[in-house]
> 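Handing you this structure, nothing more for now.
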Protein chains: 2
Amino acid sequence: MAKASRNPAADTGVVKLKDVALLAGCSVATASRVLNGHPTVGPAEKQRVLAAAIQLGYVPNNSARALRSQNTSLVGVIIPTLDHAIYAKMVSGLQERLAQHGKSVIISTSDYDLEQERIQTRLLVGRGVESIVLVGLEHHPDTLEYLRRAGVAPVFTYTCELGLGAVAVGLDNRLAGATVAGFLLELGHKRFGMVAGVTRGNDRATQRRDGFLARLGEAGVPASDIVVLEAPYKIDGGAAAMRSLMQTHPRPTAIFCGSDILAVGAIKYCHVAGIAVPGEVSVVGFDNLEIAELVTPELTTLNVPAREMGEAAADALIRLGEKKETSIATELPTRLIVRDSTGPAGSASRK
Amino acid sequence: MAKASRNPAADTGVVKLKDVALLAGCSVATASRVLNGHPTVGPAEKQRVLAAAIQLGYVPNNSARALRSQNTSLVGVIIPTLDHAIYAKMVSGLQERLAQHGKSVIISTSDYDLEQERIQTRLLVGRGVESIVLVGLEHHPDTLEYLRRAGVAPVFTYTCELGLGAVAVGLDNRLAGATVAGFLLELGHKRFGMVAGVTRGNDRATQRRDGFLARLGEAGVPASDIVVLEAPYKIDGGAAAMRSLMQTHPRPTAIFCGSDILAVGAIKYCHVAGIAVPGEVSVVGFDNLEIAELVTPELTTLNVPAREMGEAAADALIRLGEKKETSIATELPTRLIVRDSTGPAGSASRK
DNA sequence: TTGAAAGCGCTAACAG
DNA sequence: CTGTTAGCGCTTTCAA
């Protein structure tokens, strides 16, 4: 039969629990208990097992552990894109915080497509993720239904509206939109434009727009003095939308962009078109990315604490796993960062 | 004993292969074969199994599959940070390409710390990744040794120097550094500065610097006319380094920054210090991030095709998995993008 | 407090 | 071409 070698690192080179137990002079059961922090183990054994594990550089096989204990310590996250820092930062915070709890994150992207998200969700569930982090509250019905049936709890981010028994970590997008409107109103602006991103399948974009419009409406601004455009979340998209906006008559004097990417594109267009910012038109962004401080003029924008949101999502996940709570809504504070891209209406100091 | 129900979805609600086999009227082995596209199965059986699987909504348990077949279709990637677009883009390309082949990516970050990377590597191997994507060629010896013993093939990125039997996808950092030096020399510059990032544990930064210095040396520039500083990859780091550089006498007229982040910081400092770019000093970046086109003046920089690199890494991974090749080095082309932050030496048109 | 032993769900020999 | 059988490495009753 020649089963041959049975010592560590001779077959596959991978140290197994058995090897640790062998070196520690105990059974695999005891070794397992020690490594899992089970309380009922004598201190002497415990010491030896720990020492052996370190000496051998033991790394548990997660597939086996998962199979046996129905516990993969894997978390899935689906974001629209990694190309935008706002999502990358969130994932970064999520991953780091989760790593501290021994959990790993599997990442995938949907490109703002709910159908893509649905497919990714099934894949992730098949991989045995314990939980899944989603962006926004609006999803394909199948996505949510599938998650429910599979017993995988979703965590919604960038929003803090709460479904029943759900977990959400984010911001009040409506309020944020309204805040921007209020700020622009105070500066005396009367005609407004908005570059809203793509609102289809994107409740965050929708709410920002609605909050903005609602506040404007309350202030008595007629709908005819507000132009809303949609544009893909690209610099060029923002530039193109701004061009359209600047060609309407009468021209708006204040533009709210649904993201800094769009706002930066808008400002870029103004540069080439020779339109003074904020002299002729004020521009407000959303997200407070690093670029907001790098463009000229520096961008007035709403701060979104993306990294903190990822960390908060991780925390919620952990608490959820501990069955401490079943329904958690965390609202992260946002605040307007006033820089140089906004000014009082009618200050048109022609360049 | 009341073991009670043995039908699907009655216990845990999870459909297992056994349930599929039961419904299809065959053994689990046959069902497994069908689901894995094994050729030796009768068409009739095949049909029934497929139908049963769909009807029951069967989703394979990946942990079990992985445990048994040593094949997780999981790929790990460790990058310094997700906060820099240059890495996020690479991961994005990697993830998308890999998803097309049914593989998922587990992400983790090392914060430019090789020791952190070593720990993450072990974790990832424990999770059963088939392969692992690393940044650069320089790693903790244990990292490589552990990977070798575990039989997990590393794929090195952002570099195309090749170890033996290794896979690398990236660029020639030395050459890139030399290219920048050549460009600056041609513009007639005589005194140079470099903001090199952190070279410790970072072979890319080291090589860029060495290539830059070597080319300058060849051109007969005395070492006394070159100042090299290191700075963390932050905007503030770039600004602080630039401040030091601008205080040396005689002042350098051309600065090469190891990344756009640093370059943007450098330019920002010049803004506040009232130093004209490129009038008094030329600045060159590295990476060609989006921000390069957004700062004023627009940044001259070296284009790094990060997304393509991720995709190429994915391709290499796939080929490696198919055992087609064992040693692949892909050099992606870089090219200098000349914009407005550089100009001829001595053109100091005081602002 | 510890060890022996029974699987978790699946795949891969090996027979038939 | 199909079924039987043995585990993959680990956790967890159940006895001792």
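Sequence lines set the chain letters: A, B, ... in the order given, protein chains first and strands last, and positions in each chain run from 1. Quick note: numbers below take in every heavy atom, side chains included, and nothing from hydrogens, waters or symmetry partners.
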> Between D/dT4, D/dT12, D/dA6, which nucleotide has the shortest distance from any of its atoms to the side chain of A/R68?
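Minimum distance to the A/R68 side chain belongs to D/dT12.
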> Report the distance from atom CG of B/L22 to atom P of D/dG3, rounded to the nearest whole Å.
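For the pair B/L22 CG and D/dG3 P, the rounded distance is 12 Å.
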> Could you give the NZ-to-C1' distance, from A/K18 to D/dT11, as a whole number of Å?
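Roughly 16 Å, once rounded to whole Å.
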> Regarding A/R204 and A/T159, do their side chains bring together a donor and an acceptor under 3.5 Å, going by distance alone?
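No, no side-chain donor-acceptor contact under 3.5 Å.
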> What is the separation between atom CZ on B/R127 and atom P on D/dG9, rounded to the nearest whole Å?
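Answer to the nearest Å: 17 Å.
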> Pick the closest DNA chain D nucleotide for B/L67 and for B/V28 by heavy atoms, then say which residue is nearer the 5' end.
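Taking each residue's closest nucleotide, the earlier one in sequence belongs to B/V28.
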> Does a nitrogen or oxygen in the side chain of A/N61 sit under 4.0 Å from OP1 or OP2 of D/dC8?
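Checking D/dC8 against A/N61, no side-chain N or O comes under 4.0 Å of OP1 or OP2.
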> Would B/E117 and B/H139 count as having a side-chain donor-acceptor pair, cut-off 3.5 Å?
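Judged by distance alone, the side chains do pair up.
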> What pair of heavy atoms forms the shortest contact from B/G25 to B/R48, and how long is it?
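Closest approach of B/G25 to B/R48, heavy atoms only: O-NH2, 3.9 Å.
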> For C/dG3, does either OP1 or OP2 sit under 4.0 Å from a side-chain N or O belonging to A/T30?
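Yes, because at least one side-chain N or O of A/T30 sits under 4.0 Å from OP1 or OP2 of C/dG3.
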> Figure out the CG/P separation between A/L17 and C/dC8, and round it to whole Å.
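Distance check: A/L17 CG to C/dC8 P gives 20 Å.
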> Which residue, B/R65 or A/A64, contacts DNA chain C at a nucleotide closer to its 5' end, judged by nearest heavy atom?
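Of the two residues, A/A64 wins.
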> Side-chain donor or acceptor of B/R33 under 3.5 Å from a matching atom on the base of D/dG3?
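Check passes, donor-acceptor contact within cut-off.
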> Please determine if a side-chain N or O atom of B/S32 lies less than 4.0 Å away from the OP1 or OP2 oxygen of C/dC10.
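Indeed not, no polar side-chain atom of B/S32 lies that close.
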> Report the distance from atom CG of B/N36 to atom P of C/dC10, rounded to the nearest whole Å.
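Checked: the CG to P distance equals 10 Å.
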> Report yes if at least one side-chain N or O of A/Y58 is closer than 4.0 Å to OP1 or OP2 of D/dC10; otherwise report no.
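True: A/Y58 side-chain N/O within range (under 4.0 Å) of D/dC10 OP1/OP2.
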> Rounded to whole angstrom units, what separation is found between the CD atom of B/Q70 and the P atom of D/dG9?
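Value for this atom pair: 6 Å.
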> Let's see if you can work this out: which of D/dG3, C/dG3, C/dC10 has an atom nearest to the side-chain heavy atoms of B/K16?
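Among the listed nucleotides, the one closest to the side chain of B/K16 is C/dC10.
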> To the nearest angstrom, how far is B/Q47 atom CD from D/dT2 atom P?
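B/Q47 atom CD is separated from D/dT2 atom P by 13 Å.
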> Roughly how many Å is it from NE2 in A/H38 to C1' in C/dG3, rounded to a whole number?
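Going from NE2 in A/H38 over to C1' in C/dG3 covers 14 Å.
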> Of the non-hydrogen atoms in B/V20 and B/A52, which two are nearest, and what is the gap between them?
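That would be O-CB, 3.8 Å.
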> Respond yes when some side-chain nitrogen or oxygen of A/S27 is under 4.0 Å from OP1 or OP2 of C/dG3, and no when none is.
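The answer is yes; a side-chain N or O of A/S27 sits under 4.0 Å from OP1 or OP2.
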> Can B/R65 and A/S63 be counted as having a side-chain donor-acceptor contact under 3.5 angstrom?
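No - no donor-acceptor pair under 3.5 Å links their side chains.
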